[in-house]
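Fair warning: this is a prediction, and the values are worked out from it, not measured in the lab. Proteins get letters first, then strands, A, B, ... in listed order; numbering begins at 1 in each.
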Amino acid sequence: MRYSEMFLPTGREIPSDAEIVSHWLMIRAGMIRKLTSGIYSYLPLGFRVIKKVEQIVREEMNRAGAQEVFLPAVQPAELWQESGRWQQYGKELLRFRDRQDRECCLGPTHEEVITDLVRNDVKTYRQLPRNLYQIQTKFRDEVRPRFGIMRCKEFSMKDAYSFDVDEKGAEISYEKMFEAYSRIFSRCGLKFRAVEADTGNIGGSFSHEFMVMADTGEDALVFCSSCDYAANVEKAEVSMPEKKAVDESAFSPLEEIHTPDVRTIEEVCAFLDVTPQDVVKTLIFLVDDSPVAVLVRGDEEINEAKLRSYLGCDSLELATDDIIYEVTDSPRGFAGPINIKSRIVADYSFVNMTNCVVGANKEDYHIKNANIGRDFKVTEFADLGLIKETDSCPRCESPLRFARGIEVGHVFKLGTKYSKAMKATYLDKDGKEKYMVMGCYGIGIGRTAAASIEQNYDDNGIIWPVSIAPFQVMITPVNIKDEALLTTAEKLYQGLMDKGIEVILDDRDERAGVKFNDADLIGIPLRITVGPKRLAEGKVEVKIRKSGEVEILSVDEAEKFIVDWVQAELKADS
RNA sequence: CGGGGCGUAGCGCAGCCUGGCAGCGCGCCUGCUUUGGGAGCAGGAUGUCGCAGGUUCAAAUCCUGCCGCCCCGACCA
């Protein structure tokens, strides 16, 4: 490719709304442009990177035995009603009607479509297992898109779906995908870790997220310092604290206190001169249409993902004021466990609390010295909070470490969630009808590219790993009006292309400094500088972007050096 | 959805408070010089001042409504 012919608008200045490095560099490097909030165009340079990532994904999926398909982006409501997600998915699912007034949606993920496809054409255990994947545009109507293509509404995703005869088979499919994902992200030159994760909207029993380590990541991760436990903090288990023996003689008498207009934990603490650790926070949730009171120590937060999975519910939201009134006979701010008219679930943080402050279920009143057993009963204790620095590893009790990461891939064991809802069955050897056991596996293509930038850049710009670089080499004749330089550059250009190297020739009539800066900015791994001083000795310079090392070589040596270097780099990551 | 900010040339911004010629830097075009880390000089082009309405002799500027974008939170994978 000749730079002079390429649509590659690089820039010195960038829109001030770019918050993270990858976003600002992708804009400056002429890779992407925003059309509207959360929706981006890829320019030629950006699209070359996307295609590189896709190609690695294809090769590894195919190697793992998956087959590529291409499913529709527009999907009928009926399928989503069948799985139950038409109701459940919420506003993130972009819905619309076609001219026949039929309800449709733009696919945010494709479990319904693939399950429909497979149930119609797979009838016997002889046709299983199968793993089908596609690379396709997904649409999720994000509440707040941000960070460029990192969290956007329209994005390209690789999604794969496995169908097995039983759990054992599904486990093997899952492991194959886990292995393939590890290879994919290694080949993309990323430092990553797989962590246990919540299954969220997709559902299923178990999942791992592949996290690219980066301080700008949206996810908080926790790792054990000695065993290999690693989890998203949303999922990370907190061990049940040891229950201390209850000494009823230490219970102080109940005390009802007039606390006018004192509602929040901070207000209660200030008013009663206690710490948040002394106060019980009572949150009323509406869980599949019935209220549930959740107790947590005042300094802790409820992790809704954990609560959702503990309760095994379809819908979960904080209760409205009417519901709170029904359950507590009082307005918001005075709920407590004593005589509350709902099911009670308590977080582990509550286990050893004594003489605590609770709402009185009476407007403008709180109660001091409330004690479990004497004043109210709690039968359900669960892990509903967020893991903290002071907690220890749930597997081995060792100290924990925290880090941030970018979720680039997610693998799920779905079980029979979709096959049951949508009746995807097969006949086994004994002629018995059984549900297929499914798994699903996603990779954010654009996000993977952006994550690579978050890990590989310097003050001058992007530093692509060779495997996903838009070009492997850039040739920079320092002055194209000097015929000898241009001739040599052209010769190298042809020679390298003949050897299968991806080359961009900077044949623009620009000063050397401009060309060097653009080469660094767009992050091409190798740059050949063709300049008058070296050429007088028959030599050119090859500069390695990531290390800054320079080799002075003849044209033939340079070609060989480059071919070898590129091969070695590609091998190193695979 | 709540809170905050912004919207003026392709990009980054000033001007708005206190109404009165539409500005600056970068980029772009032409010419000359220059040519190994974002060149210099000279000349030039480019605006629905987000949209609509109102106040006024006069609105980028004041008022009202709407739209868009960004940040924080809520929500959501």
Checklist entry - With no hydrogens and no angle check, is any side-chain donor or acceptor of A/T476 less than 3.5 Å from a backbone partner on A/V478? => result no
Next on the checklist: Over all strands shown, is A/N460 touching base, sugar-phosphate only, or nothing at heavy-atom distances under 4.0 angstrom?
Outcome noted: nothing
Next on the checklist: Please give the distance between the C1' atoms of B/U61 and B/G23 as a whole number of Å.
Outcome noted: 14 Å
Checklist outcome for this item: Readout for nucleotides 70-77 of chain B: B = base within 4.0 Å of protein heavy atom, S = sugar-phosphate only, - = neither; 5' to 3' it is SSB-BBSB
Please tabulate, for the side chains in residues 513-521 of chain A, all donor-acceptor contacts under 3.5 angstrom to protein atoms that are two or more places apart in sequence or on a different chain.
unit_1	atom_1	unit_2	atom_2	d
A/K515	NZ	A/P477	O	2.9
A/K515	NZ	A/D506	O	3.0
A/K515	NZ	A/R508	O	2.9
A/N517	ND2	A/G513	O	3.0
A/D518	OD1	A/T10	OG1	2.9
A/D518	OD2	A/R508	NH1	3.1
A/D518	OD2	A/R508	NH2	3.1

Checklist entry - When you compare B/A59 with B/G19, how far apart are their C1' atoms, in angstrom units rounded to a whole number? => result 6 Å
Checklist entry - Can you find a donor-acceptor N/O pair under 3.5 angstrom joining the side chain of A/D520 to the base of B/G37? => result yes
Checklist entry - What is the distance from CD1 of A/I475 to C1' of B/G36, rounded to the nearest Å? => result 17 Å
Item to check | Distance between C1' atoms of B/U18 and B/C24 (Å, rounded) | outcome: 22 Å
Distances under 3.5 Å between nitrogen or oxygen atoms of protein and nucleotides 26-30 of chain B:
unit_1	atom_1	unit_2	atom_2	d
B/G27	OP1	A/R12	NH2	3.4

Checklist entry - Looking across every strand, which nucleic acid part, if any, lies under 4.0 Å from A/D518 by heavy atom: base, sugar-phosphate, or nothing? => result base
Next on the checklist: Please classify the nucleic acid contact of A/P532 as base, sugar-phosphate, or nothing, using heavy-atom distances under 4.0 Å.
Outcome noted: base
Next on the checklist: So A/K138, base contact, sugar-phosphate only, or nothing? Heavy-atom distance under 4.0 Å.
Outcome noted: nothing
Next on the checklist: Among residues at least two apart in sequence or on other chains, which ones pass side chain to side chain donor-acceptor pair (under 3.5 Å) with A/S309?
Outcome noted: none
Checklist outcome for this item: Paired to B/U61 by Watson-Crick or G-U wobble criteria (both distances under 3.5 Å) is none
Next on the checklist: Just to verify, what does A/Y310 make a side chain to side chain donor-acceptor pair (under 3.5 Å) with, not counting sequence neighbours?
Outcome noted: A/E380
Checklist outcome for this item: So side-chain hydrogen bond (donor to acceptor under 3.5 Å, both in side chains) across residues 206-218 of chain A, not counting sequence neighbours, yields A/R151-A/E218, A/Y174-A/H208, A/S207-A/H410, A/E209-A/N232, A/T216-A/E454
Checklist entry - A/K515 or A/K481: which one's nearest nucleotide on RNA chain B is closer to the 5' end? => result A/K481
